[in-house]
Amino acid sequence: MRAARLTSPSITPTGRGAAGGADPVVLVAHGSRDPRAAEATRALARAVSAARPGTPVWASWLDHTEPGPTEVLRELAVAGHRRAVLVPLLLTAAYHHRVDIPAAVAAATQAGPPLDVRVTDVLGPADGTVDPALLAGLRRRLGESEPGRFDALVLAAAGTRDARARGSVGRAADALGAEFGVPCRVSYASAAPPTTGAAVTRLRSAGARRVAVSAYFLAPGLFHDAVTEAARAAGAVAVAAPLTDAPELAELVLRRVDERSGRCALAPAV
């Protein structure tokens with residue numbers, strides 16, 4: 001694969017910065033064949049840059065979309081940067097966080113100019129804590145779906161076979177349910193039960209009259225489309241959009257950057 005160049009229009013950073021200025025931030029998304037997902041990542045990069053002017057922000061993908069994180073990190077080093085902060089745009093610390101991202105960083109730093117790459121926590125619960133900004137972003141998207149009054153929630157996630165990762169999704173669901181004072185159940189689009197349709201049906205069978213679905217997705221794509229279809233077929237009153245470039249998500253990205261950089265983090269979203 002030909003290495004991308006920092007001057008290439010396809011990976012022009014959001015925000016401006018030169019070597020010796022603010023350390024660049026490299027966002028790493030999972031990647032999807034659906035072009036809407038890549039655009040959502042670019043939109044988030046723009047939102048992060050707007051929230052912290054002067055910091056160059058780069059979007060990269062582990063699969064399906066170029067450039068990958070290895071190419072971006074190598075070219076940052078060639079351009080004269082000596083440090084970079086890499087933010088995994090992931091909601092669970094599963095395989096991609098444990099294996100793919102360390103491999104990409106290792107490949108970038110094995111040759112060429114030295115580059116100190118600091119990898120942050122994922123955006124989902126870190127050390128068992130659900131960040132207030134993540135909850136605020138979920139609340140925003142749910143409110144935009146205009147569910148009206150609801151008496152139960154489903155938090156619909158992509159899915160993973162990693163039990164610890166599923167546990168972190170469960171913590172997010174518990175926190176979201178507590179925010180609204182209603183029961184909140186987890187569902188998955190793949191890899192683990194229950195499906196969103198099954199979760200909605202179970203809540204309705206248990207007595208819930210109006211079930212809303214919160215989308216635990218960073219970007220639109222086939223999984224979110226399937227969740228939406230299944231939820232509506234099961235009688236959900238509303239299905240939220242993915243987080244994409246919600247301002248609270250941009251705040252959370254910068255909080256992760258600050259935590260890894262030793263800077264004072266931003267105040268929680270309200």
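Since this is a predicted model, take the numbers as computed values, not measurements. Below, each value reflects all heavy atoms present in this structure, side chains not excepted, and no hydrogens, waters or symmetry copies. The first residue in the sequence is number 1, and the count goes up from there.
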Enquirer: State, with a plain yes or no, whether a side-chain heavy atom of Leu27 is found less than 4.5 Å away from one of Val57.
Expert: yes
Enquirer: Can you list the steps and then say if Arg42 with Asp245 is a salt bridge (charged side-chain N to carboxylate O under 4.0 Å, His left out)?
Expert: CA-CA 9 Å; Arg42 296 185 187 102; Asp245 60 345; over 6 Å; no
Enquirer: Can you check salt bridge (charged side-chain N to carboxylate O under 4.0 Å, His left out) on Asp63 and Arg33, steps first, answer last?
Expert: CA-CA 9 Å; Asp63 201 4; Arg33 292 184 177 88; over 6 Å; no
Enquirer: Go through the steps for Val28 and Leu89 under the test side-chain contact (heavy atoms from CB on, under 4.5 Å), then give the verdict.
Expert: CA-CA 6 Å; Val28 185; Leu89 298 184; 5.9 Å; no
Enquirer: Any side-chain heavy-atom pair from Val169 and Leu155 closer than 4.5 angstrom?
Expert: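 A side-chain contact under 4.5 Å exists here.
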Enquirer: Are any non-hydrogen side-chain atoms of Pro220 and Asp225 less than 4.5 angstrom apart?
Expert: no
Enquirer: What do you reckon, is CZ of Arg209 surrounded by more than 12 foreign heavy atoms closer than 6.0 Å?
Expert: no
Enquirer: Going by the rule ring pair (Phe, Tyr, Trp, His ring centres under 6.0 Å), which residues pair with Phe217 if we only count those two or more places apart in sequence or in a different chain?
Expert: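 In terms of ring pair (Phe, Tyr, Trp, His ring centres under 6.0 Å), with neighbours along the sequence ignored, Phe217 is linked to His224.
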Enquirer: Minimum heavy-atom separation for Ala241 and Ala215, please, with both atom names.
Expert: O-CB, 3.8 Å
Enquirer: How close do Ala59 and Ala45 get, counting heavy atoms only, and between which atoms?
Expert: CB-CB, 4.4 Å
Enquirer: Check whether any side-chain heavy atom of Val26 sits under 4.5 Å from a side-chain heavy atom of Val87, and report yes or no.
Expert: no
Enquirer: What distance separates Ile101 CD1 from His30 NE2, expressed to the nearest 0.5 Å?
Expert: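 So the gap between those two atoms works out to 10.5 Å.
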Enquirer: Should Val186 and Leu138 be regarded as members of a common hydrophobic cluster, given that ILVMFWY residues are connected when their side-chain heavy atoms come within less than 4.5 Å of each other, either directly or indirectly?
Expert: yes
Enquirer: Assess the residue pair Arg36 and Glu39 against the criterion (salt bridge (charged side-chain N to carboxylate O under 4.0 Å, His left out)); give the C-alpha distance rounded to whole Å, side-chain angles, the decisive distance to 0.1 Å, and a yes or no.
Expert: CA-CA 5 Å; Arg36 295 174 296 171; Glu39 182 48 42; over 6 Å; no
Enquirer: Go through Leu115 and Leu73 one step at a time and tell me if the side-chain contact (heavy atoms from CB on, under 4.5 Å) criterion holds.
Expert: CA-CA 8 Å; Leu115 184 68; Leu73 291 171; 4.0 Å; yes
Enquirer: Do the side chain of Arg210 and the main chain of Pro147 share a donor and acceptor less than 3.5 angstrom apart?
Expert: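 At least one qualifying donor-acceptor pair exists.
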Enquirer: Please report the closest heavy-atom contact between Ala133 and Glu251, naming both atoms and the distance.
Expert: CB-OE2, 3.9 Å
Enquirer: Using atom types as modelled and distance alone, determine if a side-chain donor or acceptor of Arg74 lies under 3.5 Å from a backbone N or O of Ala107.
Expert: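 Present.
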Enquirer: Please examine the side chains of Ser187 and Thr195, heavy atoms only from C-beta on, and report whether any two atoms are closer than 4.5 Å.
Expert: no
Enquirer: What side-chain donor-acceptor pairs closer than 3.5 Å can you find for residues 170-184, not counting sequence neighbours?
Expert:
from	atom 1	to	atom 2	distance (Å)
Glu179	OE1	Arg139	NH1	2.5

Enquirer: Cluster question for you: counting only ILVMFWY and a side-chain heavy-atom cut-off of under 4.5 Å, with indirect links fine, are Val213 and Leu91 together?
Expert: no
Enquirer: Any side-chain donor paired with an acceptor under 3.5 Å for Arg83 and Ser261?
Expert: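 No.
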Enquirer: Between the side chain of Arg260 and the main-chain N/O of Val85, is any donor-acceptor distance below 3.5 Å?
Expert: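 Such a contact is absent between Arg260 side chain and Val85 backbone.
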Enquirer: Check whether any side-chain heavy atom of Val122 lies under 4.5 Å from a side-chain heavy atom of Thr92, and answer yes or no.
Expert: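 When only atoms from C-beta onward are counted, Thr92 and Val122 do not touch, as no gap falls below 4.5 Å.
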Enquirer: Which residues pass the salt bridge (charged side-chain N to carboxylate O under 4.0 Å, His left out) test with Arg140, sequence neighbours left out?
Expert: Glu248
Enquirer: Let me check something: do Val237 and Val200 share a hydrophobic cluster, defined by ILVMFWY side-chain heavy atoms less than 4.5 Å apart, either directly or through other members?
Expert: no
Enquirer: Give the minimum heavy-atom separation between Thr41 and Ala29, together with the two atoms involved.
Expert: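 Residues Thr41 and Ala29, closest heavy atoms: OG1-CB, 3.6 Å.
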Enquirer: Are more than 12 heavy atoms from other residues, nucleotides or ligands located less than 6.0 Å from atom CD of Glu229?
Expert: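 Incorrect, the count does not exceed 12.
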Enquirer: Does the pair Val25 and Arg256 meet the rule for a side-chain contact (heavy atoms from CB on, under 4.5 Å), with working shown?
Expert: CA-CA 11 Å; Val25 172; Arg256 291 290 187 255; over 6 Å; no
Enquirer: What distance separates Leu203 CG from Leu153 CG, expressed to the nearest 0.5 Å?
Expert: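 Separation between the atoms: 9.0 Å.
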Enquirer: Are Leu249 and Leu218 close enough, and set up right, to give a side-chain contact (heavy atoms from CB on, under 4.5 Å), and what steps lead you there?
Expert: CA-CA 9 Å; Leu249 192 64; Leu218 296 177; 3.9 Å; yes
Enquirer: With heavy-atom distances below 4.5 Å as the criterion, would you say the side chains of Tyr216 and Ser214 are in contact?
Expert: no
Enquirer: Which atom pair, heavy atoms only, marks the closest approach of Ser32 to Thr65?
Expert: O-OG1, 3.9 Å
Enquirer: If we check side chain to side chain contact (heavy atoms under 4.5 Å, CB included) with Asp23, which of these qualifies: Arg82, His81, Arg118?
Expert: Arg118
Enquirer: Taking all atoms of both residues into account, what is the closest heavy-atom pair of Tyr188 and Arg166, and its distance?
Expert: OH-CB, 3.4 Å
Enquirer: Counting N and O atoms only, with roles assigned by atom type, does the side chain of Thr129 sit under 3.5 Å from a partner on the main chain of Pro125, one being a donor and the other an acceptor?
Expert: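 Not at all, since once roles are kept as given, no pair shorter than 3.5 Å links the two residues.
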Enquirer: Which distance, rounded to the nearest 0.5 Å, do you find between the CG of Leu243 and the CG of Leu134?
Expert: 6.5 Å
Enquirer: Let me check something: do Leu135 and Phe150 share a hydrophobic cluster, defined by ILVMFWY side-chain heavy atoms less than 4.5 Å apart, either directly or through other members?
Expert: yes
Enquirer: Let me confirm one number: the CG-CG distance from Asp121 to Leu90, rounded to the nearest 0.5 Å.
Expert: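 Here the rounded value is 11.5 Å.
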Enquirer: Would a single hydrophobic cluster contain both Val239 and Leu142, if residues Ile, Leu, Val, Met, Phe, Trp and Tyr are joined by side-chain heavy-atom contacts under 4.5 Å?
Expert: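 No.
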Enquirer: Would you say that Arg52 contacts Thr55 through its side chain, given a criterion of any heavy-atom pair below 4.5 Å between the two side chains?
Expert: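 Yes, at least one pair of side-chain atoms sits under 4.5 Å.
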